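Start at 1 with the first residue, then count along the sequence. From a predicted model like this one, the values you see are computed outputs, not experimental measurements.
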Amino acid sequence: MESFDELLDISTKIHGHICAGQVIGVRMSMLGLEHINIDDPKGADRKKLYVLVEIDRCATDAIQSVTGCSLGKRSMRWMDFGIMAATFVNLETGKAVRITAREEARELSKKYCPEISEKYQRQLAAYRVMPEEELFTVQEVKVSIPDCDMPGRPQRRVQCEQCNDYVQDCRDVEQEGRILCQACAGKRYYEVV
């Protein structure tokens with residue numbers, strides 16, 4: 001795997017700018033991969049790796065750039081928890097680790113870079129050098145990933161009996177004996193005009 005600086009450079013290009021979230025995401029990914037024994041996430045180990053991210057912020061772009069996992073490959077899943085955390089799963093061994101960025105790290109940045117008065121720049125610099133145990137909480141966890149959420153071809157593809165759209169990956173809903181897409185089952189996020 002590339003060095004921290006190389007991975008941060010790749011992440012920054014993908015994300016569009018450097019920020020503390022990029023540093024956290026790169027370091028979090030490197031630590032997670034180490035804990036689950038994944039050495040080559042974009043190569044030989046790519047089919048062994050699954051990542052669940054809990055926030056849709058900067059760190060998620062960094063995690064994607066380091067691990068090679070993505071929503072489109074179905075090797076990354078977004079859990080809308082709003083927490084700066086990710087769980088890294090080795091699909092071959094079942095070993096999994098959840099890593100959370102510690103809130104205390106924001107304040108601790110003063111200890112590592114007291115000469116930088118602007119807090120975002122200080123955090124950006126401090127997160128590069130802060131010890132892992134001060135920056136992250138690491139938990140060994142067990143994760144059950146449903147077959148319908150695994151990478152690979154769709155397990156099932158059915159047609160909604162109301163709108164006729166096709167629904168993949170077990171996202172259909174049975175309601176009053178009918179197979180419906182989630183929108184027709186009442187979970188529409190849009191309004192047809």
Side-chain angles (χ1 to χ4, degrees), residues 1 7-8 10-36 38 41-42 45-103 105 127 135-158 160 165-173 180-191:
M1 193 163 53
L7 290 169
L8 184 60
I10 293 166
S11 175
T12 300
K13 286 176 182 159
I14 289 169
H15 185 62
H17 68 272
I18 184 73
C19 62
Q22 292 297 300
V23 175
I24 286 172
V26 169
R27 290 195 63 194
M28 182 183 284
S29 298
M30 293 176 76
L31 182 60
L33 295 171
E34 180 184 324
H35 273 274
I36 64 168
I38 296 285
K42 295 183 231 173
D45 295 332
R46 74 186 181 344
K47 293 195 180 219
K48 298 178 190 175
L49 181 59
Y50 194 90
V51 178
L52 298 101
V53 293
E54 297 184 24
I55 196 162
D56 56 346
R57 294 274 174 194
C58 306
T60 297
D61 285 348
I63 292 166
Q64 179 175 328
S65 72
V66 172
T67 64
C69 293
S70 71
L71 294 173
K73 293 179 193 169
R74 295 185 55 84
S75 54
M76 177 180 278
R77 182 161 175 114
W78 174 43
M79 308 300 292
D80 192 9
F81 289 7
I83 298 171
M84 185 69 82
T87 299
F88 301 84
V89 183
N90 183 325
L91 294 172
E92 186 176 84
T93 65
K95 188 167 184 164
V97 65
R98 180 176 182 263
I99 302 177
T100 309
R102 296 174 56 103
E103 186 64 25
Y127 294 168
L135 188 55
F136 301 114
T137 298
V138 179
Q139 301 169 294
E140 285 192 31
V141 296
K142 183 178 179 186
V143 178
S144 296
I145 303 167
D147 288 342
C148 287
D149 290 341
M150 292 293 284
R153 293 199 166 278
Q155 299 263 322
R156 184 171 78 208
R157 186 172 182 264
V158 297
C160 175
D165 281 346
Y166 280 87
V167 183
Q168 298 187 132
D169 302 315
C170 310
R171 300 311 192 256
D172 54 288
V173 177
L180 301 175
C181 68
Q182 292 194 30
C184 290
K187 296 181 182 178
R188 185 170 283 138
Y189 69 90
Y190 58 92
E191 182 179 334

Novice: Determine whether Asp169 and Arg74 satisfy the following criterion, salt bridge (Lys or Arg N to Asp or Glu O under 4.0 Å), listing intermediate values before the conclusion.
Specialist: CA-CA 11 Å; Asp169 302 315; Arg74 295 185 55 84; 3.2 Å; yes
Novice: Is there a side-chain contact between Leu49 and Leu33 (heavy atoms, below 4.5 Å)?
Specialist: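 Answer yes - side chains close enough.
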Novice: Are Ile145 and Tyr50 packed together at the side-chain level, in the sense that at least one heavy-atom pair is separated by less than 4.5 angstrom?
Specialist: yes
Novice: In terms of side-chain heavy atoms, does Thr100 have a donor or acceptor partner in Arg98 at a distance below 3.5 Å?
Specialist: yes
Novice: Can any side-chain N or O of Ser11 pair as donor or acceptor with the backbone N or O of Gln22 at less than 3.5 Å?
Specialist: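 Flag not set: sc Ser11 to bb Gln22 has no pair under 3.5 Å.
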Novice: Give a yes or no answer on whether the side chain of Lys95 reaches the backbone of Lys142 with a donor-acceptor pair at less than 3.5 Å.
Specialist: no
Novice: Are Gln182 and Val167 close enough that some pair of their side-chain heavy atoms sits under 4.5 Å apart?
Specialist: no
Novice: So, for Ser29 and Gly25, which heavy atoms are closest and what is the spacing to 0.1 Å?
Specialist: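 In this case the closest contact between Ser29 and Gly25 is OG-O, 2.8 Å.
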Novice: Can you tell which of Ile38, Val141, Thr67 makes a side-chain contact (heavy atoms from CB on, under 4.5 Å) with Phe88?
Specialist: Thr67
Novice: Check step by step if disulfide (SG to SG under 2.5 Å) holds for Cys170 and Cys148.
Specialist: CA-CA 6 Å; Cys170 310; Cys148 287; 1.7 Å; yes
Novice: Side chains of Lys47 and Leu91: does their closest heavy-atom pair fall under 4.5 Å?
Specialist: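 No, too far: nothing below the 4.5 Å cut-off.
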Novice: Go through it in stages, so that I can follow the logic: the residues are Phe136 and Arg27, the test is side-chain contact (heavy atoms from CB on, under 4.5 Å), and I'd like the CA-CA distance, side-chain angles, deciding distance and then a yes or no.
Specialist: CA-CA 9 Å; Phe136 301 114; Arg27 290 195 63 194; 3.9 Å; yes
Novice: Where do Tyr127 and Ala105 come nearest, in terms of heavy atoms and distance?
Specialist: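 Between these two residues, the closest heavy atoms are CE2-O, 3.7 Å.
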Novice: Decide, yes or no, whether a salt bridge links Asp172 with Arg156 under the criterion of side-chain N to carboxylate O below 4.0 Å.
Specialist: yes
Novice: So, do Gln64 and Cys69 sit near enough that their side-chain heavy atoms are less than 4.5 Å apart?
Specialist: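 The answer is no, as the side chains (C-beta and beyond) never meet within the 4.5 Å cut-off.
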Novice: Which atom names give the shortest non-hydrogen contact between Ser65 and Lys42, and what distance separates them?
Specialist: O-NZ, 3.0 Å
Novice: Count the heavy atoms belonging to other residues, nucleotides or ligands that lie under 6.0 Å from CD of Glu92, then report whether that count exceeds 12.
Specialist: no
Novice: Any chance you could measure Arg153, atom CZ, to Gln168, atom CD, to the nearest 0.5 Å?
Specialist: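 With rounding to 0.5 Å, CZ (Arg153) is 10.0 Å from CD (Gln168).
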Novice: How long is the span from the CG atom in Asp149 to the CG atom in Leu52, to the nearest 0.5 Å?
Specialist: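 One finds 9.0 Å between CG of Asp149 and CG of Leu52.
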Novice: Can you check side-chain contact (heavy atoms from CB on, under 4.5 Å) on Val53 and Thr87, steps first, answer last?
Specialist: CA-CA 7 Å; Val53 293; Thr87 299; over 6 Å; no
Novice: Carefully, step by step, assess Met76 and Ile63 under the rule side-chain contact (heavy atoms from CB on, under 4.5 Å).
Specialist: CA-CA 10 Å; Met76 177 180 278; Ile63 292 166; 3.8 Å; yes
Novice: With a cut-off of 6.0 Å (strictly less than), are more than 12 heavy atoms of other residues, nucleotides or ligands near CZ of Arg57?
Specialist: no
Novice: Looking only at atom types and distance, does a side-chain atom of Asn90 sit under 3.5 Å from a main-chain N or O of Thr93, one as donor and one as acceptor?
Specialist: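 Yes, because the side chain of Asn90 sits within donor-acceptor range (under 3.5 Å) of the backbone of Thr93.
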Novice: Rounded to the nearest 0.5 Å, what's the gap from CG on Leu8 to CE on Met30? Could you check?
Specialist: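 Between Leu8 CG and Met30 CE, I get 10.0 Å after rounding to 0.5 Å.
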Novice: Under the criterion side-chain contact (heavy atoms from CB on, under 4.5 Å), which of Thr60, Ile83, Asp80 is the partner of Ile55?
Specialist: Thr60
Novice: Between Lys73 (side chain) and Gly68 (backbone), is there a donor-acceptor pair under 3.5 Å?
Specialist: yes
Novice: When rounded to the nearest 0.5 angstrom, what distance separates NE2 in His17 from CG in Asp61?
Specialist: 9.0 Å
Novice: Over all heavy atoms of both residues, which pair between Ala185 and Leu180 is shortest? Give the atoms and the distance, please.
Specialist: CA-CD1, 4.1 Å
